Amino acid sequence: MNLTGLKDEGAILRRHFLEPIAAADLIDQDGDLLDLGSGNGFPAVPLAVLRPGLRLTLVEASEKKSAFLWTVLRELGLK
């Protein structure tokens with residue numbers, strides 16, 4: 001599924017993985033995380049993996065992206 005416009009591997013790593021890892025240090029271990037316009041699941045999914053105590057709510061209007069997110073969350077055991 002083509003869910004991101006980024007093509008450069010370095011940009012993908014920085015934007016989709018390194019930014020959530022850096023942000024995880026600023027987020028409590030538990031609490032609520034609301035991601036409006038969840039798209040491809042970044043940064044919410046990596047943050048949920050890094051902070052398993054978070055109660056994750058993803059909001060996505062696109063059926064294609066929503067179906068993708070449900071699959072990712074189920075496969076990672078986050079839902």
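In this text, all values refer to a predicted model and were calculated from it rather than measured experimentally.
When all heavy atoms are compared, the tightest approach of Asp32 to Arg55 is OD1-NE, 2.8 Å. Of all non-hydrogen atoms in Ser38 and Leu69, the two that sit nearest each other are CB-CD1, 3.6 Å. Taking every heavy atom of both residues into account, Phe68 and Asn40 meet most closely at CE2-O, 3.6 Å. Residue Pro20 comes nearest to Pro43 through the heavy atom pair CG-CB, 3.6 Å, listed as atom of the first residue, atom of the second, then distance. Counting all heavy atoms, side chain and backbone alike, Leu54 lies closest to Asp28 at CD2-O, 3.8 Å.
The CG atom of Leu56 sits 6.0 Å away from the CG atom of Leu73 when rounded to the nearest 0.5 Å.
The hydrophobic clustering, which links ILVMFWY residues whose side-chain heavy atoms are closer than 4.5 Å, places Leu58 and Leu76 together. Linking ILVMFWY side-chain heavy atoms closer than 4.5 Å, directly or via other members, places Leu50 and Val72 in two distinct hydrophobic clusters.
A heavy-atom distance below 4.5 Å is not found between the side chains of Asp35 and Leu47.
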